[in-house]
Amino acid sequence: MSVTVRAAAKFNLHLGVGPLREDGYHPLATVYHAIGLYDDVTVRDAAQWEVAVTAEDHIALGEVPTGDDNIAVRAGRALAGHHGVDRAAKIEIHKGIPVAGGLAGGSADAAAALVALDRLWALETSDEDLLSLAAQLGSDVPFALIGATAIGGGRGEIVAPVPDNGAWWWVAVGNEQGLSTPSVYRAFDELGGSDRGGDPQVSEGLLAALAKGDPDLLAGALANDLQAPALSLRPDLAQTFADGEEAGALAVQLSGSGPTIMMLCRDATHAREVAGAMQAKAYDRVWAAPGPVAGAHVVTY
Ligand code: C5P
């Protein structure tokens, strides 16, 4: 018997970062948004933990660990430990989310593995316990469980859904070379981000744009405190921002800690036009995706 769970990529509509905490994390006030790029995670019983990873075209697998340090295996071990069961599984991950792109693909895999193994082993873990296991695995993992659009507090792990009446369309433009999240947070500190003080806040303007579902309002309300630090490490990304604006996107913003760049479009037709214009400029990692979409959910059982 096998169970397959699908989990979506995330993009931060707002990523407000506060000063470095003593535990090495930064306090966040973020608005997460799940978009229609997916990883599928299939689990079946096995004598030992095993992981196999495949991917859609244009997704490089170079950086995905295939041993015990894969986050989906860590998720499986954490779930088994939580219930005190001595079981293992073979985990197959099929990636449609670009790797090390700032789209939380690893977090999606962890969330999917938690849900898939919970079903496979009929553990009936409570939502509260799943969210708490998720938070221990990574700051973005709880959001990957719930999906849609949600505010993230703490280091990102405390999530609460927010009203979102939009039927948004995005174009994601990936980059051959990944960016490591800790290095971008370090650049944030080095550029003085941690000296500014004060708690980060989510803007009322963004929440109003989401409630109204108005793309022009949303275009003016996107924000990401990691964008300048990421650009300081990767000045080449500025060209993609300029190309996105020239392609007619309503707004262009870095996704999370990058390097994927998100382009807000008016609707599906506009997203196809912007994606086509980016491909015509010789970008070969271009995806049009709707949002919001669901969190980790079973697709075959
Ligand atoms: O929680 P996660 O394992 O995804 O975080 C990866 C790294 O990103 C952390 O070790 C830390 O360097 C940085 N980070 C941070 N503040 C956050 C989230 C992540 O500094 N709120």
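Position 1 is the first residue of the sequence, and the numbers go up from there. Read the numbers this way: they start at 1 and go in the same order the structure lists the ligands and their atoms.
A salt bridge links Asp216 with Arg266: at least one charged nitrogen is closer than 4.0 Å to a carboxylate oxygen. A salt bridge links Asp109 with Lys95; the closest basic N to acidic carboxylate O contact falls under 4.0 Å. Classification of Arg74 and Asp68 as a salt-bridged pair fails, no side-chain N sitting under 4.0 Å from a carboxylate O.
Where the criterion is an N or O separation shorter than 3.5 Å, residue side chain and backbone included, Thr181 fails it with respect to ligand 1.
The protein non-hydrogen atom at the shortest distance from atom 4 (O) of ligand 1 is Ser139 N, 3.7 Å. Protein heavy atom in closest approach to atom 7 (C) of ligand 1: Pro182 CG, 3.9 Å. With hydrogens left out, the protein atom closest to atom 5 (O) of ligand 1 is Tyr25 CE2, 3.8 Å, a heavy atom. Among protein heavy atoms, the minimum distance from atom 16 (N) of ligand 1 is reached at His26 N, 2.9 Å.
If you look at Tyr185 next to ligand 1, the close heavy atoms, those under 4.0 Å, all belong to the side chain.
Not a single heavy atom of Asp140 sits under 4.0 Å from any atom of ligand 1. Under a 4.0 angstrom heavy-atom cut-off, Gly24 registers as being in contact with ligand 1.
Note: Trp170 and His33 meet the aromatic proximity criterion, with ring centroids under 6.0 Å apart.
For the residue pair Asp189/Ser194, the side-chain donor-acceptor check at 3.5 Å is satisfied.
The side chain to side chain contact (heavy atoms under 4.5 Å, CB included) test with Gln279 is passed by exactly one of Val286, Val274, Val171, Asp284: Val286.
Ligand-side atoms of ligand 1 in range of Leu28: 21 (N), range being under 4.0 angstrom from any heavy atom. Remark: ligand 1 atoms within the under-4.0 Å shell around heavy atoms of Gly138 are 1 (O).
For residues 185-212, the pairs satisfying ring-ring contact (aromatic ring centres under 6.0 Å, His included) are His26-Tyr185, His26-Phe188, with sequence neighbours left out.
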